[in-house]
Structures are given as structure tokens and as C-alpha cells.
K.L.:
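Attaching a single structure in C-alpha cells format; questions to follow.
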Amino acid sequence: VAGSVLGDLRRALPGITVAAPQAHHLHDVGSELRGIRGSSSAVILPRDAEQVQEAVACCYARDLPIVSRGGGSGLAGGAVPEGGAVVLDLSGLDRFRSFEPEQLRMHVEAGVRTSEVQRRARENGLLFPPDPGAAEQSTIGGNVATNAGGPHAFRYGSTGAWVNEIEAVIANGERIVVGGPSRKWVEGLDLKSLLVGSEGVLGVITAIRLRLAPAPEAAFPVVAVFASEQEGCAAVQGLVASGIACSVLDFADADAFGPLRDSLGAESVPAGFLLLMEVDGSASEASLLRQELLESVAATAVWTFAPLDQGGIRSLWRWRDEMSMRLASIYGGKVSEDIVVPVERLGEAIAGVRQIGRRLGLQTACWGHAGDGNLHAALFAADADADQLALARSGGGEVLAMSRDLGAGLSGEHGIGLFKREAMESTTPPPLAALLHGVRAAFDPKGLFNPGKVLP
Ligand SMILES: Cc1cc2nc3c(=O)[nH]c(=O)nc-3n(C[C@H](O)[C@H](O)[C@H](O)COP(=O)(O)OP(=O)(O)OC[C@H]3O[C@@H](n4cnc5c(N)ncnc54)[C@H](O)[C@@H]3O)c2cc1C
């Protein structure tokens, strides 16, 4: 069947590249970590929005499921094709349609790499604040489709906060534009916000108008380590309430910080609870805020570290960026759930994850965005063998159930994708589920965009 779909699409789309799927089209980073691989009959590689329209119209007429793929850096299995679905690889939509630094905005195609958006902004004295951790691999379309966050979302918001307009291709290959070039836009229902975080189930995002900010002159990080989780979580609450304008308020629990202490020059510091904060602004504002931060944690922290030189700052961020990968190489195969709790319940959530791990005999570690109550709760399979991974996956399910009990959300930034659909299924009230399906049907009556994902 795969062969005949491929041949048929090649004949029907003569001006567009249609290829047999390569290995990387069958997984994203999250599914690779879990040892899961999909199946696809064909990959379509459009070069622009018109070709996306043609490709979608062609698949829609043939009732072929379509999975949009950005950089494949997703952690929820959202871009994994199932049951032979057609992959729409959007990496060819890589142009800047316009860049107007003086208007603080750019208009980019969906396949532009996140790092490229950030770089163009930076080179012009501007800032695109969303900073999800795989910026070299992820695309801006994927960031919008997952409403990606990152450390700086604490102050600046997730990707959606920086989107003025979205162009998308929906059922039958129709192209719609929602929002506009201006920062404000209230016109009918807010379909732009519906597309933000829609994970490919409403249509294919082809271009985005982004809002930018003037780049701050200086940004200084401050690390504080507390002897216990209780003291650390109390410090988080104190900082949130203090009004000190932190742009980052990240954490790592003892299981995450402990094994990585030496590479931070903190080998003799207790493996307690770590906070990584950042403040920014003009050079004088940022140094004043840095001092305030240091003073506010001085009474309870057992260790602080606040580099001022660019080399020291860069290596601290590199240490943070590599945390997830290094923990996996120390502890084994990783199943990570990205839950989000009210910030005052952060300590309970971390303790709950540890308890689940102990009961299953699995190592756990939590880190992430404390100020947003957003935990990356990881369960590790020591041998990375199939049984251990299955156990870790079932532990992940328990973490999601626990998070609901804490009045929490199933995902703060990675999305529902494939892996959290069952949890959506079991925890979404029926009227809400019906509404979600109704909205989806308005964009995609045949249910062909990323079927089997996201929705209960
Ligand atoms: C090391 C590492 C660190 C990470 N750190 C963070 C972090 O700090 N914060 C965070 O939020 N995420 C993080 N992520 C997850 C990931 O980078 C984000 O989810 C990212 O937004 C995915 O973008 P992508 O282009 O790779 O999308 P993909 O993985 O290709 O796709 C993700 C989902 O979006 C859909 N999609 C992609 N493009 C489109 C489009 N144009 N139109 C419609 N649907 C589309 C796909 O169908 C899929 O459902 C991290 C991942 C890694 C590997």
C-alpha cells in the first residue's frame, strides 16, 4: 500500500518533491528516547505555502492522513506518523518574507529554524525572547504549534505571546490568515490563539508574523543552592511574591543537581535544591537587580554563584542546557513528563514524583521552570531495556494522574502529542471533549490532520 500511495502522490504532485520516508521522518526526539517509531507511506517536501496548499488538497481528496513535521525536536511524539500517514516535511519553507527591525517585527515561513529567528533579531539589537532548548533543531512553526516555552517564558511568556499573525492551510488546501501585522487585533473569535499550541491537528502553519523586543543591554544569572527542597521551594514563592523582575526562575532538585555539581565547580556544596535565576535590563538596572536577588536569597542559601564575565555566563547556561542529556547518560533511558502545577504546589509535585519512582524502583529527577510551576519530571530506565522503559512509561502515567490530583495541567510546554493522549482521554470532562472535537471538525471535517494525537 505504501508503494502505491507514494507512486500516486508523485503522479498527482509533479512539481513537488515526494519521497520515500527516511528513518528520521518516523520519530521525534521524545519518541526516540522512548524507543517508539512510527510508519509512513510517503514524505512530501513543499517549498512554499502554495505547494503546501496543493499537497493538502491532494491528500484531502484521497482521505490520506497528514502529519506536519518541523524540526522533529518535539518531546511528545506529536510529529510521529502512525499507520502509514503522509509526512509533510516543512523544512523547505525557510524564507524570511520580511524583516522590519525598526517596527520590531518579522514575517517568517514556518520552517525557519528557531536559532535563525533569534540570531537575526540579535544581530539587529533586538530580542526574540522564547528560548526552547533545541533552537538549532526546532522550527518556528513547530514552536508556534507547541506554544514552546523555555527558561525566559517566566518573564516574557511562551511563543504565543510573540505571535501577531498566523497563515495556515486547512481542509481541502484552503489558506487562511488570522491576526495581522499590528500588535493588537480583536476581530471575531480569536482563531490565532486556537492555532497556537494546536500541535498540527487543525491544519498546517505556513507563516508567522512575529513581534520582537529591544534587546536588554545586560543579563546576569544568579545561582543559589538551598540545603533542602522545602527551603528551596519557599525561596521560589518568596521571589515570585517579591516583585523582583526575574526573567528566569529555574530549578533542579537534588537528584538532578547532585550528579552535575562538579561541572559547576560546586563539588563540595550539598546536593540540595538549586535555583538558576536571571535578571536583565540596562547595565545599571541589571546589576542592581542582581544585587537584590543575591540579598534576597542570602539568609537561606548555602551557596551562591553569580558570574559577571561573558565566559562564565556562557558556561553556566551550557551547563543548564546540557542537564537533560547528561542526566540521561548518567541514569539511563529517560521518560520525561512536562507537568505544570500552581507554583505553591511545586514541592508537593516533586515529592510525589520521587515517591512514584521509589515504589517502582526507578531513579527520578525533576528540574525545569520553577516560577511557572513547570516541572520536567523524569523517570529513568537503568538498563534502557524494553521492560524498564515500559515501567518508566507506566510511572509517567502515574505522574500525569498525580498532577491532575494537584489541580495541575498535563503539559506546560511540550504538548500532548501521542504520549499524553490517554491521560487526556481519562481526565477530560465529556462536554469539554465534545467541544474540542467540534472545534477540530470546523478546521478539519475529515479529521485528517495528525489523527490519533492530542484530542481525547
Ligand atoms: C534538548 C531539547 C530541549 C528542549 N527544550 C524545550 C524547552 O525548553 N521548552 C519547550 O517548550 N520545548 C523544548 N523542547 C521541545 C521541542 O524543541 C519543542 O516542542 C519545539 O517547539 C518543537 O519544534 P519542532 O519544529 O522540532 O516541531 P516537531 O517536533 O517537528 O513537531 C512538534 C509538533 O508540532 C507540529 N508541527 C510542527 N510544525 C508544524 C507546522 N508548521 N504546522 C502545524 N503543526 C506543526 C507537529 O505535527 C507536532 O505535533 C526541547 C527539545 C529538546 C530535544
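This structure is a prediction, so every number in the text was calculated from the model and none was measured. As the structure lists them, so they are numbered: ligands from 1, and atoms in each ligand from 1.
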K.L.:
Do Ser91 and Arg113 come close enough that some side-chain heavy atom pair is under 4.5 Å?
P.N.:
yes

K.L.:
Which protein residues have a heavy atom closer than 4.0 Å to any atom of ligand 1, listed by chain and number?
P.N.:
Val29, Ser68, Arg69, Gly70, Gly71, Gly72, Ser73, Gly74, Leu75, Gly78, Ala79, Leu90, Ala110, Pro132, Gly133, Ala134, Ser138, Thr139, Gly141, Gly142, Asn143, Ala145, Thr146, Ala148, Gly149, Gly150, Glu199, Gly200, Gly203, Val204, Ile205, Glu413, His414, Asn450

K.L.:
Are Asp444 and Val201 side-chain neighbours, meaning at least one heavy-atom pair lies under 4.5 Å?
P.N.:
no

K.L.:
Is a side-chain N or O of Arg10 found less than 3.5 angstrom from the main chain of Val18, in a donor-acceptor match?
P.N.:
yes

K.L.:
Are the side chains of Leu104 and Leu126 in touch, meaning some heavy atoms are under 4.5 Å apart?
P.N.:
yes

K.L.:
Are any side-chain N or O atoms of Glu337 and backbone N or O atoms of Ala377, one a donor and one an acceptor, separated by less than 3.5 Å?
P.N.:
no

K.L.:
Please say whether more than 12 non-hydrogen atoms of neighbouring residues, nucleotides or ligands are located less than 6.0 Å from CD in Glu174.
P.N.:
no

